Every structure is written in structure tokens, then in C-alpha cells.
> 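My questions all concern the structure below.
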Amino acid sequence: MTQSIEITRPDDWHVHLRDGPVLRDTVRDISRCFGRAIVMPNLATPVTSVEMASQYRQRIVAQRPPDSSFEPLMTLYLTDRTTRDTVKQASASNLIQAFKLYPAGATTNADAGVRNVESIYPLFEEMATQELPLLIHGEVSDPSVDIFDREAAFIDRHLDHLANSFPELKIVFEHISTTQAVEFMESSPTNVAATITIHHLLYNRNHMLAGGMKSPYYCMPILKGSADQQALIKAATSGSSKYFLGTDSAPHAQSAKEHSGGCAAGAYTAHAAMELYTEVFDAAGALDKLEGFASHFGPSFYGLPRNRDTITLEKKSWLVSDRLSFGDQQLVPIRSGQEIHWSMSDQP
Ligand code: NCD
Ligand code: ZN
């Protein structure tokens, strides 16, 4: 008999859906199995106001497949010009779920991000008052810091102090990628949680670099070493409610990945995210810990109800297409042209 597992419908607490003609593809993929998703605001023109987020939400909802009840959860992008009033408006709107902090220049579409984290402490105070979570891209963008050390440097220079300064502020340390981040999380207070992507659990920098640079794996935070990967697997499968699912699925057209001017940062996983997480938990002998990580701990942290229906995954292999359509272009997804050992079951 095929092995299978039924879990409460999961949510994705960190995804990039982009905008325009590609929304049809990204929204279809993410709504296959996730009930809700925290939608990142780093569009080419960042989503900085409630009005912009409201319009963006409508464009997403318009692309939902028929019968889908997928719910996009909207976020606002912090800049040096964000005001306390914006935080109050966000809270009053009942639309904005969180604010996202990108250190200026740290990743794709982060040029308008925050130049000096400490200068926006008054905004963090207001977020704590309004009970709006702060989502952090935890890497310094200081060019003198080695790209593999940027997350650890962010903890030392900013996060440790920030988390201790605002015990009432809910903070999500997004897409953690290092042993240092896991160590930080292990001693952090309960107001801090962390998301873990599927690609940081499945891969390390050897997958990206050994035998030739492979652009689908290039993302921020950059994949680290095997010891870091093992620390992340241990954290994700530990059953600790500090860690929950956030794919950071971040599509880029193949032409932007394979570009002589530089490779766009971001890995696309929405086409198979839950299947791949299940593979990792299975390999770690921790299928019993999957539901907490994927479906329970995120809603608890955000103060939202769990999804009421379930999904079923079966241990049955399928082949990922070489290329997926991305608006009028194509992209190369993670696992392109290779097998995945778990499938979503069509059974209700
Ligand atoms: C993301 C993107 O492409 O928007 N890229 C990435 O490498 N993860 C931005 C981000 O989350 O860092
Ligand atoms: Zn991201």
C-alpha cells in the first residue's frame, strides 16, 4: 500500500508572487495546496501603502483558480520614509498582516529598503503597540562582509539588540540559513520565530557550485555549507513551534537568471513546495513533525485560526517539467527535469 500522510491544510508564511502577467502562474502554483500565504511586498515598485497593498491584493485574488479559497495575506515594505502614521493606518486597515524589513540592497528589489535599522526603532515601537509583526530579511548589505557571513553579521550587529529592545514585538527572522541563526533562535525569547525554506533544507552550496554554477539555486540568503543545512533540518524537524514553513519561492525568468550582467537571486519552489518539504521530513524520519511546522505553528504565531480542511500526500514519484511558464517567458524550477518522491493526492 502506498504510504500517505494527511495533514491540516498548510500555509506559506513567505512568498513572492510578483505582478502583471506572471500572477496567473504564481497564484495557481501557490494555491495548489496552501490555504494562505504571506505575500512579500518587494515589487519593482515596492508596496509601501495600504492603498497599494489593497490594489495588489485585488490583482492576486483575480487570478485565483475557480473554487479556490486561497487567501493572500498582505505586507508593507519599510523604507527610511515610512512613518508611524503608516503603521497606524496598516493596523486600522485590517488588511495588512505585517511589515517587511529589507536592509537596503540586501536582495532582489531591496534598493528602497532601510539604510539604518536603528533609525527606525520608533516604527518598531508603534508596530509593537499595534500588534503588527515585523518580518526581517536578516542579512547585512555591507559589501565588505563576505556573502556567506552576512546573516551571522546581521544577528550580531542588529537582530540581537532589536529582539531584546522590543520584547512585545513579534519578529519573524525570515529564511534562516546558518548554524548561527539556529543558535540565536534556540536562545531567543518567544516573541521571535523563524521561517525555513525548502531549498535551504534540501541543498547546500555544493549543489549550487560544484561541477559548475547552477543558477536555479542562487538565492538570498545564499546556500551555506552542509553543517548549516543539517542544523536547519534538525531545527525544522524538532517539533519546536519557533520554526515554521516559509517557502521564499521567488520566481525569475530564465533570461534573468542566465544573464551576463549577473544572476537574479531567487529559487522557484511553489510548483512542488509541500511535496519537497515532505521529502525532507520523511528522510529525517520526522513525518510526525510535518503538520506542526507546515500547518500549526505559523497560524499560532500570527494569531490566526488554523485551516479547517486537510491535504493528503502520497509517497509516489513524479517528474518535474524542465521549464515552467512564467507569463510570456519561462523559468527553471527547483528539481527541473528530476523526480520528486511525494505527490499531492487528488482525493478530498
Ligand atoms: C527574493 C526575490 O527574488 O524577490 N530573492 C531571494 O533570493 N530570496 C527576495 C528575498 O526574499 O530575498
Ligand atoms: Zn523572500
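Counting convention: from 1, in listed order, for ligands and their atoms alike. Values in this document were obtained by computation on a predicted structure and should not be read as measured data.
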> Could you see which bit of Asn109 sits under 4.0 Å from ligand 1, with heavy atoms only: side chain, backbone, both or neither?
neither
> Quick one: look up the protein heavy atom nearest atom 7 (O) of ligand 1 and list residue, atom name and how far away it is.
Met220 N, 2.7 Å
> Between Arg57 and Glu71, does any NZ, NE, NH1 or NH2 come within less than 4.0 Å of an OD or OE carboxylate oxygen?
yes
> Need the ligand 1 atom indices (1-based, order shown) with element for anything under 4.0 Å from a heavy-atom of Gly266.
5 (N), 6 (C), 7 (O)
> Would Arg18 count as a contact of ligand 1 if the rule is a heavy atom under 4.0 Å away?
yes
> Both conditions, 6.0 Å and 45 degrees, for the charged tip of Lys224 above the ring of Phe148: are they met here?
no
> N/O to N/O below 3.5 Å, does that happen between Tyr102 and ligand 1?
no
> Would you tell me whether His158 and Glu118 have side-chain atoms, one donor and one acceptor, within less than 3.5 Å of each other?
yes
> Looking at Arg84 and Glu125, does any basic side-chain N land under 4.0 Å from a carboxylate oxygen?
yes
> Is the closest N or O pair between Cys219 and ligand 1 shorter than 3.5 Å?
no
> Could you confirm whether His16 has any N/O/S atom lying under 2.8 Å from the Zn ion (ligand 2)?
yes
> For Trp13 and Tyr302, I'd like to know if the aromatic rings sit close, meaning centre-to-centre distance below 6.0 Å.
yes
> Below 4.0 angstrom from a heavy atom of Thr108, which ligand 1 atoms are there? Numbered from 1 as shown, please.
2 (C), 3 (O), 4 (O), 5 (N)
> Could you check atom 10 (C) of ligand 1 against the protein and tell me its nearest heavy-atom contact, residue, atom and distance included?
Thr107 OG1, 3.4 Å
> Among Lys170, His296, Lys242, which residue meets the side chain to side chain contact (heavy atoms under 4.5 Å, CB included) test with Phe301?
Lys170
> Around atom CD of Glu168, are there more than 12 heavy atoms from other residues, nucleotides or ligands closer than 6.0 Å?
no
> When you look for heavy atoms under 4.0 Å from ligand 1, do you find them on the side chain of His16, its backbone, both, or neither?
side chain
> Decide if atom NZ of Lys214 counts as having more than 12 heavy atoms of other residues, nucleotides or ligands within a radius under 6.0 Å.
yes
> Can you find a heavy atom in the side chain of His137 that is under 4.5 Å from one in the side chain of Asp248?
no
> Counting backbone and side chain alike, does His14 bring an N/O/S atom below 2.8 Å of the Zn ion (ligand 2)?
yes
> What protein heavy atom is closest to atom 8 (N) of ligand 1, reported as residue, atom name and distance in Å?
Asp248 OD2, 2.8 Å
> Regarding ligand 1, does Ala250 bring an N or O atom to under 3.5 Å of one of the ligand's N or O atoms?
no
> Between ligand 1 and His252, is the shortest N or O to N or O distance under 3.5 Å?
yes
> Does CD belonging to Glu186 count more than 12 external heavy atoms closer than 6.0 Å?
yes
> Please examine the side chains of Ile120 and Leu78, heavy atoms only from C-beta on, and report whether any two atoms are closer than 4.5 Å.
yes
> Quick one: does Met40 get within less than 4.0 Å of ligand 1, heavy atoms only?
no
> How does Glu174 reach ligand 1, if at all, at less than 4.0 Å between non-hydrogen atoms: by side chain, backbone, both, or neither?
neither
> Starting from atom 5 (N) of ligand 1, what is the nearest protein heavy atom, named by residue and atom, and what distance separates them?
Ala265 O, 3.0 Å
> Does any N, O or S atom in Asp248 come within less than 2.8 Å of the Zn ion (ligand 2)?
yes
